[in-house]
Amino acid sequence: MFEEVSSQFTFAEKEKQTLAFWRENDIFEKSMEMYKDAPPFVFLEGPPFANAPPGVHHVLARIMKDAVCRYKTMTGHYVHRKAGWDTHGLPVEYQVEKQLNITNKAELEAYGVQNFIEKCKENVFQYEQDWREMTERIGFWVNLNEAYITLSNDYIESVWWVLRQAWDKKLLYQGHKVQPYCYRCGTTLASHEVALGYQEVADPSIFVRFPLKNRERTYLLVWTTTPWTLPSNVAVAVGEEDDYVAVEDNGKTLILAKECLKSLFGDEFPQIVENYKGSDLLNWDYEPLFDSGQHTEKSHYIVSGDFVTTTEGSGLVHIAPAFGQDDYDIGQKHNLPFVQLVGGDGKFVPEVKDVWCGEYVKDADPMIIENLDGRGLLFKATEYTHQYPFCWRCDNPLLYYARESWFIRTTAIRDQMQQHNQEINWYPEHIKDGRFGNWLENNIDWGLSRERYWGTPLPVWICDDCGHQHCVGSIAELKELGRDVPDDIELHRPYVDDVVLNCDKCSGTMHRIQDVIDCWFDSGCAHTAQWHYPFENKELFERAYPADFISEAIDQTRGWFYSLLATGTLLYDKPAYKNCLCLELILASDGQKMSKSRGNTVDPWTILDNQGADAMRWYMFTGSPPWAQRTFQLEGIDEALKKFMGTLQNVYSFFVMYANLEQVDVLEDAPSISERATIDRWILSRLHTLINKVGDDMENYHLTNAPRAIEAFVEDLSNWYVRRSRDRFWGAEAGQDKQAAYATLYEVLVTVAKLAAPFIPFLADELYRNLVVSLDDDAPLSVHLAEFPTADDALIDGTLETDMTFTRDVISMGHAARNRSGIKTRQPLADITLGGLSESEKETINRLSSFVHDELNVKEIVFTEELDTFAQVTLKPNFKVLGPKYGKGVQAIAKALATADTMQLKAELETNGSLEIKASGETYILEESEIDVQTQNREGFFVEVDARKFVALSTELTHELVLEGMARELVNKIQNMRKDADFNVSDRISLCVATSSELVSEAFEVHREYILSETLTTEVVELPGKNAFSLDQKLNGEPAMLSVEQVRVI
RNA sequence: GGGCUUAUAGCUCAGAAGGUUAGAGCGCGCGCCUGAUAAGCGCGAGGUCCCUGGUUCGAUUCCAGGUAAGCCCA
């Protein structure tokens, strides 16, 4: 006996019971334990931040990971699932600053770095409990108790080790990086903060004449919107491929891009005296505008810049390496001097001898413009309105500003990274050579350092005396070199800042530089640092590198996907992962990005509490591919619930209900497959085709196609297999066919449970446990400990599947015709006529005729060749065949066929096997295979026509048919009354039919046996008993009084 | 400004080595069933396959250029 399936339940409630079962029986742990000697499948968890509650996009990522891991487990792999937490970084610092009302570094230092760091530690785990609960509730199996945490000493030590490897390979170096910088807060801003503060402002827009050396009265016309950077100018860039001109203007010769003439001079074009390509101008020298000090490097000449545009400005771009990344890169490339005339306070440094020395740069703009004008170098000064970033905290404009920074020379390993990228399977594929490939191609050195507090400290110490630098690679080394390092040293600021080392070059004192590192580097070391490698867990690490599978959102292309690859390449010269599933963003139902300020976010908990985790999961798997952007529709979850889960649940409860009622032992005496009914063999063939499909899709990370196929299968199972087999499950005599039906449905349900287990782990497990575990003490306790099904190809009968599809198509047309006729299905009809079928299609229908008879309730199936009696027939060329053969002629043939006498041509085709047609002067002989016979609806029949066949109903009713229809009507009414009277389905009744209608009496007489057996009537009485339930009925318009009453079984 | 992606029914999505009647589910309408009831089933109406050019006998599909949306970068 199976456990009764109650109809009073909610999926959400049942899921909680399943969760408890998993917990109490350590199913997750068992699923790893049982495969600990099996081939590993390495999953690497991208660590989330727990300083904000999880949202739906986190659910998406987690269930994708979960489905893959569950599938791999069921296919016999050891899938270790270590969780991780990301903890360091600016977002945390800002949250804490906000909380403490700190607005700049000075206030922070006053508050105390140690206090601040402690607050950060609290902050990062603020929502850990939420994360834990959500993770468990959605059924994401991951071990949170052994999670790696990027703030732990062990983790940091491993990261230090990684940095030391880079250091030893001379890949860690100090340089400059241009960053958005707030002079008031004294800090650089991360890009997402910059994005917070864009405002529209009017800045000066000036065109300046740069006098050329060795060319009288000839000037470069240079555009800038930041006059304050001009004193730091060291070069001018042009586009090599762009066209430039020299023009005469008020006695001066100006050089500018040809395309910019119109915007600068309007319609009064000056005279062009010379044409150049950008490349012609390279290396021309010009006079510095200002005295920017002495440099050893050559400067103030024209260079090439691929970022130069001619759509605005003059096509000549002023280069000041301290104030723009492009400028800085050009400076590096051409070895230009690095001129930095602005201090960290945003003011000109004392070395600037002009009047604006000590002025805040933006205030100096007018003075500089005035100066240039006074010297006759200003061509034009206007205003320029554009989006410019402001500090989101203090609202001051940000300056792009080169700061000293530490870098990893990733450009040195770019080739290897690109090569390793080729070895990674990307889903979707285009990421490889698209977004990720492009990113690698344009790789620049990784700006690693942050002038902040909460992060992995950069372990570089510098000697106060001799400037010697050393990178520490472990705690042991720190203790060895350091003076009085506490035994339990914590590797965070400010604790490590207090550690001073002895310089081994000069015996001076070494202090750590103040920077911490980019938190992306932390998580990028996860493959190594999660094991505290190489200090511990050597074997574990070696077994787990590279990872087989990672999955995160697409925005990690330049984040985690990159940082893993970079560190993996740097350390081991191997890709860090083999398969990467990129997830797209989830938009709110209004098509907008989900954000708290818009108020369009969805709280996963409302879904989990109402519809449940399986429904949410199923919607996310099947709604759209994970790499396609999706709008999150709550209705979609209801649909998943009703459409898929409801259907599966119904088939399951149908099975359990009747298996219990009929006391069938599904494990005994299952007839061999060849002895089962056609429909059994059909559904089993479908099942094994499905097993292959799901396996293939899962191996290829098509996490959408697999469950969609399962859904289509369950639809067929419910709406065709069960619907057409229903009466085999009840009422029927015990015997081989009944046994076959039960065995088949049982096998199908158990297999579906296993196939669906990675996607709907809760419902799948419930089905499995009730269907399998309850009968078999030796069976694994849970579906998640069971083996994933493998297909038996011998059970796949492709012909049967296509035949069934075809038959169902014909039946569907029959339904349409019946619908149109208005005769209800209960009324049997004499025959249907099918036309336009090929010989093999007729055979198919004959083989599967019982389906047509039963479903359409017709006595006979008739085939006809006379299409035009029922449908309008046209002939069309088979374009696919004739197109390549006759080319242009095919259109003429089509025209000729359309205008010719169709029936005559068709007769010709039938007698000769070919036809002759004249089209635009030529005669064509067309074979049968080159012609499509098409049918169209003709009014006035109960006929359903598709492109090439039709189904016609015979609507004439004989007296026999009327009687039979009436008998069915009687059964129907009696059944309804049984239900209304609340009888049990197995109750026997006594029946009274009192009628003045001859038709009803006759039908009852003729079909007495049928009616009695259908309604479980054991006695027919002349007068109803006093407890009988009676109703006056109209049976197809005929009056009758029906009474039913339960019969006591003695 | 650059790179990548997407655009098919009211909504969510399939699909087509280029072939002349483009599919599903939901929603909507009509009907059926009630011995699967969080029901279920059938049928129907909904489409300039984003636009413009090109290639081709034939383009929603291929190519080019746009437009719109999204992400990343500058």
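A note on names: the letters A, B, ... follow the listed sequences, proteins ahead of strands, and every chain is numbered from 1.
Counting non-hydrogen atoms under 4.0 angstrom, A:T647 reaches nothing in the nucleic acid. Contacts of A:Q633 with the nucleic acid, taken as non-hydrogen atoms under 4.0 Å apart, involve only primed sugar atoms and P, OP1 or OP2. Contact annotation for A:P625: backbone-only contact, meaning every heavy-atom pair under 4.0 Å involves sugar-phosphate atoms and none involves a base. Among the heavy atoms of the strands lying under 4.0 Å from A:R726 is at least one base atom, whether or not backbone atoms are also near. A:R435 comes within 4.0 angstrom of a nucleotide base, judged by non-hydrogen atoms across all strands. Counting any heavy atom pair closer than 4.0 Å across all strands shown, A:K643 reaches sugar-phosphate atoms only and no base atom. Nucleic acid contact class of A:R818 (heavy atoms, under 4.0 Å, all strands): none. No contact: A:Y886 has no heavy atom under 4.0 Å from any strand. Using a 4.0 Å heavy-atom criterion, one finds that A:Q629 contacts the sugar-phosphate atoms exclusively. Contact annotation for A:G636: no contact, since no heavy-atom pair falls under 4.0 Å across all strands. Residue contacts shown for A:T557 are absent, as no nucleic acid heavy atom lies under 4.0 Å away. Looking at heavy-atom distances under 4.0 Å, A:V651 makes contact with a base. Residue-level contact check: A:T10 touches the bases, meaning some heavy atom is under 4.0 Å from a base atom. As judged by a 4.0 angstrom heavy-atom cut-off over every strand, A:F9 is placed among the base-contacting residues.
For A:T622 (side chain) and A:P707 (main-chain N/O), no donor-acceptor pair under 3.5 Å exists by modelled atom type. A:E552 contributes no side-chain N or O that, together with a main-chain N or O of A:T557, makes up a donor-acceptor pair within less than 3.5 Å. Remark: side-chain polar atoms of A:Q556 are paired, donor with acceptor, to backbone N or O of A:W560 under 3.5 angstrom.
Between A:Q827 and the choices A:R818, A:E969, A:R968, the side-chain contact (heavy atoms from CB on, under 4.5 Å) rule is met once, by A:R818.
Whole-Å rounding puts the A:Q556 CD to B:rC72 P distance at 11 Å. Atom P of nucleotide B:rC71 and atom CH2 of A:W627 are separated by 21 Å, given to the nearest angstrom. One atom, CD of A:E1014, and another, P of B:rU34, lie 11 Å apart when rounded to the nearest Å.
In this structure, the nucleotide among B:rG42, B:rC71, B:rG19 sitting nearest to the side chain of A:H815 is B:rG42. The nucleotide whose nearest atom lies closest to any side-chain atom of A:N819 is, among B:rG3, B:rG19, B:rG42, B:rG42. The side chain of A:L1016 lies closest to B:rG35 when the candidates are B:rA36, B:rG35, B:rG3. For A:E639, taking side-chain heavy atoms from C-beta onward, the closest of the listed nucleotides B:rC13, B:rA36, B:rG25 is B:rG25. Closest to the side chain of A:K880, from the set B:rU12, B:rG19, B:rG40, is B:rG19. Minimum atom distance to the side chain of A:I554 is reached by B:rC71, of the listed B:rU5, B:rC13, B:rC71. Counting only heavy atoms from C-beta on, A:K876 has its side chain closest to B:rU20 among B:rC13, B:rC43, B:rU20. Among the nucleotides B:rA36, B:rA38, B:rC71, the one closest to any side-chain atom of A:F11 is B:rA38. Taking only side-chain atoms of A:K979, from C-beta outward, the nucleotide of B:rC41, B:rU34, B:rG19 with the closest atom is B:rU34. Closest to the A:E944 side chain, of the nucleotides B:rG44, B:rC57, B:rC4, is B:rG44.
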Given the rule in the side-chain contact (heavy atoms from CB on, under 4.5 Å) test, do A:F561 and A:W426 qualify, once you have shown the distances and angles that lead to the verdict?
CA-CA 11 Å; A:F561 298 158; A:W426 288 95; 3.9 Å; yes
Evaluate A:R723 against A:E855 for salt bridge (Lys or Arg N to Asp or Glu O under 4.0 Å), listing each step before the verdict.
CA-CA 10 Å; A:R723 179 150 69 92; A:E855 189 69 17; 2.5 Å; yes
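Separation of the A:F11 and A:F9 ring centroids falls under the 6.0 Å cut-off.
In this structure, B:rG70 is classed as anti because its glycosidic torsion departs from zero by more than 90°.
B:rG53 and B:rG19 are spaced 22 Å apart, taking the P atom of each and rounding to whole Å.
To the nearest 0.5 Å, atoms CG (A:L882) and NZ (A:K876) are separated by 13.5 Å.
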Return one dot-bracket line describing RNA chain B 5' to 3' (Watson-Crick or G-U wobble pairs, both distances under 3.5 Å; ( ) same strand, [ ] crossing, | another strand, . none).
(((((((..((((.....[...)))).(((((.......))))).....(((((..]....)))))))))))).
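A:N443 and A:Y562 share a donor-acceptor pair across their side chains, judged by distance under 3.5 Å alone.
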